[in-house]
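The next block holds one structure in the form of structure tokens; read it before the comments.
Just follow the structure's listing: the first ligand is 1, and inside any ligand the first atom is 1. As the structure is a computational prediction, the values presented were derived from the model and not from experiment.
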Amino acid sequence: MELSTAMWTAAVVGAAVIYWFVWVMGAAEVKGKRAVNLKMGSITRDKVQDKYKQYWSFFRRPKEDIAAASDGDKVPVFVDTFYNLVTDIYEWGWGQSFHFSPSLPGRSHREATRLHEERAADLIAARPGQRVVDVGCGVGGPMRAIAAHSGAHVVGITINEYQVARARAHNRKAGLHDRCEVICGNFLEMPFADASFDGAYSIEATCHAPRLEDVYREVFRVLKPGALYVSYEWVTTALYREDDPRHVETIRGIEAGNALPGLRAQHEVAAVARQVGFEVVEDRDLALLPAGSWWTRLKMGRIAYWRNHLLVSALTALRVAPKGVVEVHEMLYETARHLSDGGETGIFTPMHMILCRKPLVTPN
Ligand SMILES: C=C(CC[C@@H](C)[C@H]1CC[C@H]2C3=CC[C@H]4[C@H](C)[C@@H](O)CC[C@]4(C)[C@H]3CC[C@]12C)C(C)C
Ligand SMILES: C[S@@+](CC[C@H](N)C(=O)[O-])C[C@H]1O[C@@H](n2cnc3c(N)ncnc32)[C@H](O)[C@@H]1O
């Protein structure tokens, strides 16, 4: 074979391999987001690396420092930065629902995710004609599943402007835009009138609040008397020991890689709900047996994470993805390891469920 023919053949084969690697192997978990389209939310390309560094130096500190009054107020700003950095990577590698669910034998991750969301809708007895608030809605995976399942009108709130745009685009595409609304705002000061909702839910979102009572008090305020609220909380369990360095490393790793100002203990959740005025109807960990383990999906994804790492490194070298994406991806890889350690040891759960009711009459 002539040299030029060999070179052309190599070029064509190389291009085919890159195409296969990026567009076929690197296909989004849920069609729509691909590696070549990774944006970093509303951060401009040249600022991604700096924003990541700022994020990391804020959240890698011990929770006592983050919780200090002055820095506690900065948490929502850094949570917003976090979601600018990770939203596209989450959609690309996980899908439109940014949460875990118990694995179900014979069912796909997508089905298990949907059933976990529908369970929230059933717990608050959401039904057609009702107005329900999704506290910390992400790009709206749960909102669409819940609106479709229950027939209720869902209003989602997220601190991140980029997620609002993504959620609205997905709602329109799913034909659910007349029943799913999304607004940008802080769930610690919701822009909603008192007693304006028939129900509320939050899925793996209130863990970003520096003080759980602040978000629960807001949910209480916007609910009508008698209305139900369900939350899936990220907490440490009774098996967590502060004097075990491996436990501490796992929990610190989970906090730093997920923009958390400090995980709460499982037993604190119901006490906070009562403190703001709720009646606690049910309070239990949905991860406990007979539930299938939620962390197997993370462990099974390891080969895909390596492929993704090579892909983001190549795209950064080619200047398709902005500088900083590789670091963000590495942080997520690390956090996935801490999360599955937390699940396997049983010291952490992302699905402690609390179901509360706002009393018909609120005592003075
Ligand atoms: C509720 C929260 C988010 C929970 C999960 C949706 C995400 C937690 C860790 C994330 C991921 C870790 C590894 C990534 C992988 C390296 C990459 O190649 C593809 C995306 C990941 C799988 C990513 C997906 C989302 C998570 C599972 C928190 C923030 C309160
Ligand atoms: C892990 S995501 C979960 C999203 C969604 N519940 C889901 O399961 O797909 C957490 C969400 O909480 C939102 N959030 C965190 N802090 C917030 C705040 N102070 N105000 C409003 N939204 C907030 C984030 O923007 C994000 O949308």
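Taking CG from Leu123 and OH from Tyr232, the interatomic distance works out to 6.0 Å, rounded to the nearest 0.5 Å.
Within 6.0 Å of the CZ atom in Arg45, the count of heavy atoms belonging to other residues, nucleotides or ligands exceeds 12. No more than 12 heavy atoms of other residues, nucleotides or ligands sit less than 6.0 Å from atom CD1 of Ile303.
In this structure, the ring of Phe278 has its center less than 6.0 angstrom from the ring center of Phe220. Taking the six-membered ring wherever Trp is involved, the centroid distance between the rings of Trp294 and Phe348 falls below 6.0 Å. Two rings, from Phe82 and Phe78, have their centers 6.0 Å or more apart.
Linking ILVMFWY residues whenever their side-chain heavy atoms come closer than 4.5 Å, directly or via other members, leaves Tyr229 and Val132 in distinct clusters. Val155 and Leu188 fall within a single hydrophobic cluster, where Ile, Leu, Val, Met, Phe, Trp and Tyr are joined by side-chain heavy atoms under 4.5 Å apart, directly or via other members.
In the vicinity of Glu204, heavy-atom distances shorter than 4.0 Å reach the ligand 1 atoms 1 (C), 30 (C). Distances below 4.0 Å separate heavy atoms of Asn258 from the following atoms of ligand 1: 8 (C), 28 (C), 29 (C). Within the listing of ligand 1, atoms 19 (C), 20 (C) sit less than 4.0 angstrom from a heavy atom of Gly93. Near Tyr305, the atoms of ligand 1 lying under 4.0 angstrom from a non-hydrogen atom of the residue are 15 (C), 16 (C), 18 (O), 22 (C). Heavy-atom contacts of Cys207 reach the following atoms of ligand 1: 30 (C) (cutoff under 4.0 Å). Residue-ligand proximity, His99 to ligand 1, at heavy-atom distances under 4.0 Å covers atoms 6 (C). Short contacts between ligand 1 and Leu339, defined as distances under 4.0 Å to a heavy atom of the residue, involve ligand atoms 8 (C), 9 (C). Ligand-side atoms of ligand 1 in range of Ala336: 12 (C), 13 (C), range being under 4.0 angstrom from any heavy atom.
In terms of protein heavy-atom proximity, atom 14 (C) of ligand 1 is closest to Leu332 CB, 3.9 Å. Protein heavy atom closest to atom 24 (C) of ligand 1, with residue, atom name and distance, is Trp94 CB, 3.7 Å. Closest protein heavy atom to atom 3 (C) of ligand 1: Tyr90 OH, 3.6 Å. Of the protein's non-hydrogen atoms, His329 NE2, 3.5 Å is the one closest to atom 16 (C) of ligand 1. The protein heavy atom nearest to atom 6 (C) of ligand 1 is Phe98 C, 3.5 Å.
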I would like to know whether Lys47 and Asp50 meet salt bridge (charged side-chain N to carboxylate O under 4.0 Å, His left out); could you show each step before the answer?
CA-CA 5 Å; Lys47 298 267 164 30; Asp50 283 352; over 6 Å; no
If you apply the rule salt bridge (charged side-chain N to carboxylate O under 4.0 Å, His left out), what do you find for Arg221 with Glu218, and how did you get there?
CA-CA 5 Å; Arg221 180 184 67 76; Glu218 270 298 89; 2.9 Å; yes
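Cation-pi check for Arg297 over Trp94 is met; the charged atom lies under 6.0 angstrom from the ring centroid and within 45 degrees of its normal.
Under the side-chain hydrogen bond (donor to acceptor under 3.5 Å, both in side chains) test applied with His352, the options Gln266, Arg284, Arg264 reduce to a single match, Gln266.
The side chain of His208, and not its backbone, has at least one atom closer than 4.0 Å to an atom of ligand 1 (non-hydrogen atoms only; side chain from C-beta on). Only the side chain of Asn308 comes within contact range of ligand 1, with a heavy atom under 4.0 Å; no backbone atom does.
The protein residues lying under 4.0 angstrom from ligand 2, judged by non-hydrogen atoms, are Val79, Tyr83, Ser97, Phe98, His99, Gly136, Cys137, Gly138, Pro142, Thr158, Ile159, Gln163, Gly185, Asn186, Phe187, Ile203, Glu204, Ala205, His208.
Considering backbone and side-chain atoms alike, Trp234 places every N or O at 3.5 Å or more from each N or O of ligand 1.
Between atom 4 (C) of ligand 1 and the options Tyr333, Phe100, Tyr232, the minimum heavy-atom separation is to Phe100.
Taking 4.0 Å as the cut-off, Trp92 does not count as a neighbour of ligand 1 on heavy-atom distance. Using a 4.0 angstrom heavy-atom cutoff, Tyr83 counts as in contact with ligand 1.
One finds no salt bridge joining Arg119 and Asp122 here, because no Lys/Arg side-chain nitrogen approaches an Asp/Glu carboxylate oxygen to under 4.0 Å. At a threshold of 4.0 Å, the pair Lys299-Glu344 counts as salt-bridged, since one of the basic side-chain nitrogens sits closer than that to a carboxylate oxygen.
Heavy atoms only, all atoms of each residue included: His329 and Tyr305 are closest at CE1-O, 3.5 Å.
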